[in-house]
Amino acid sequence: MTNSTPLAEVAPPAGPRKRLFLRSWGCQMNVYDTGRMADVLAPLGYAPVDAPEGADMIILNTCHIREKATDKLFSELGRLRLLKEEKEAKGGGMVLAVAGCVAQAEGAEIVARAPYVDIVLGPQSYHRLPEMVARAGRAAGAVVETEFPVEEKFDHLPDAAAPQGVTAFLTIQEGCDKFCSFCVVPYTRGAEYSRPAAAVLAEARRMVAQGTRELSLLGQNVNAYHGEGPDGAEWGLARLLYALAEIPGIERLRYTTSHPRDMDDALIAAHRDIPAVMPFLHLPVQSGSDRVLEAMNRGHTAEDYLRLVDRLREARPDLALSTDIIAGHPGEKEEDHEATLALIRRVGFASAFSFKYSARPGTPAAGAPYRVDEAAKDRRLQEIQALLIEQQAAFNASLTGRTVPALFTGPGRRPGQLSGRTPWLQPVHAAGDLSLVGRVAPVRILAGQPYSLHGELLHALQQEKNAA
Ligand code: 5AD
Ligand code: SF4
């Protein structure tokens, strides 16, 4: 890292704080990136605020992965334009920036449609935000940056300043070389890039020092990670997980999102051998039909996926799986849809995301013939979701009566209640003292509901018994 000064040690700039409103759509990588944009702007005096009204700068961090992203952006911009004009009428100013994958995909088109936008920046340009803000102040037109030098971004971003909490994300990989037929990521985020392991380990150590106990490693295709190791050798994700697990204070490790083809033997063994690697894996399958999987360019069959699941479960018998499914990819017939339902039944997912196929301009599937009509897509999605919800509810219900380790992350919604998560990423609530935040404690599950679990702390029960 060329810039390794923790922001907390940077002297606050003189002058009044500037109000920065950030809005993030889409995936966890965007949430992480939004945090880093706040970090990079902090030395300029920008501090995050909760509402756009009166903000000195607004950043919309967009997501392009699914339907209507562009429409959503322009309707939001229309609302913000009024705020900006109101502020300008009072003699103030507001910098309006569009970041993320829609910015990458649409570039200067955004400014053509919304000339009041000051900055358009793609995901690889966040480290240049301060300079762009300065340029936007001077320039007559908008500043548009959508280049792709991803290594540069990681080298220039400051170390994470704000503690992210007991559970936190850490981006270790970006971009994707898989070119699935339906997906914009290879076009918006570019080729695969893995951060050097030393940089990841250093960031992880800092996060743990600030209280993080559960680390979720992020990447568009995270299990394709192949970063340079401190020993000069190339490290895969398994090697990185072993090294992260050695950091004192790390209780839990996760990673997302993975491609079945990059699930190698070493990574499967890591699930068996590293207790900190949680028994939960998000492994998108997209479809259960070989014909559709081929049309999607996924590079594996349904049987390959099922075999992989068996091997993972052999390595870690309590492993629960989650997935992504797309209903109605071009060319999908009724029998293909049935094959998807059959695969879901075979695997039994603990949770899942499912989507109706929507064409992303510029992707191969967008130009493919044999589109599935909307009514069929809707019905198929409903059938898929009904089955997935049933499986999720059954999985959660199966924990009723069991004792599970919960990592407590903060207060619950009710007074005296704590909120946490299980190894399988389910939210769990139990009465307990705030001193438990950041710690793992055993909870007996009283009710496994479809979307969360309710339980009681075992050590509280013990104390009650001792007192009696
Ligand atoms: N249409 C529908 N779903 C999509 N996804 C990605 N692109 C599309 C699209 N064009 C889904 C995939 C992916 C998840 C992040 O979003 O299931 O795994
Ligand atoms: Fe998109 Fe994931 Fe396929 Fe890469 S592997 S193209 S990110 S769906």
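Every number for a ligand or one of its atoms is a count from 1 in the order of the listing.
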Would you please determine whether R298 falls within less than 4.0 Å of ligand 2 on a heavy-atom basis? yes
Pairing residues for F179 by the ring pair (Phe, Tyr, Trp, His ring centres under 6.0 Å) criterion, not counting sequence neighbours: Y187
Identify, with sequence neighbours excluded, every residue that meets side chain to side chain donor-acceptor pair (under 3.5 Å) alongside E106. none
Please indicate whether F74 has more than 12 foreign heavy atoms, meaning atoms of other residues, nucleotides or ligands, lying under 6.0 Å from its CZ. yes
Within a radius of less than 6.0 Å around CG of D71, do more than 12 heavy atoms belonging to other residues, nucleotides or ligands occur? yes
Proximity of F182 to ligand 1 by residue part, where a heavy atom lies under 4.0 Å: both
Is it the case that the ring center of H259 lies less than 6.0 angstrom away from the ring center of Y305? no
Which ligand 2 atoms are under 4.0 Å away from a heavy-atom of F182? 8 (S)
Name all pairs fulfilling the salt bridge (Lys or Arg N to Asp or Glu O under 4.0 Å) condition that reach into residues 211-238, sequence neighbours left out, sorted by first residue then second. E214-R252, E214-R254, E214-R421
Minimum heavy-atom distance L293-T301, with the two atoms named: CD1-C, 3.7 Å
Flag yes if more than 12 heavy atoms outside E294 fall under 6.0 Å of its CD atom; otherwise flag no. no
side-chain hydrogen bond (donor to acceptor under 3.5 Å, both in side chains), paired with S354, selected from Q382, Q385, Q286: Q385
What are the atoms of ligand 1, with element, lying closer than 4.0 Å to any heavy atom of R360? 10 (N)
Check each atom of ligand 1 against the heavy atoms of D324 and keep those under 4.0 Å away; list them by number with element. 13 (C), 14 (C), 15 (C), 17 (O), 18 (O)
If hydrogens are left out, which of H282, Q286, H64 has an atom nearest to atom 17 (O) of ligand 1, that is, the closest non-hydrogen atom? Q286
Tally, protein N/O/S atoms nearer to atom 4 (Fe) of ligand 2 than 2.8 Å: 1
Is the number of heavy atoms from other residues, nucleotides or ligands within 6.0 Å of CZ (R379) greater than 12? yes
Nearest non-hydrogen contact with atom 11 (C) of ligand 1 belongs to which option: Y357, F353, F355? F355
Which of the atoms in ligand 1, numbered in the order shown and given with their element, are less than 4.0 Å from a heavy-atom of K356? 1 (N), 2 (C)
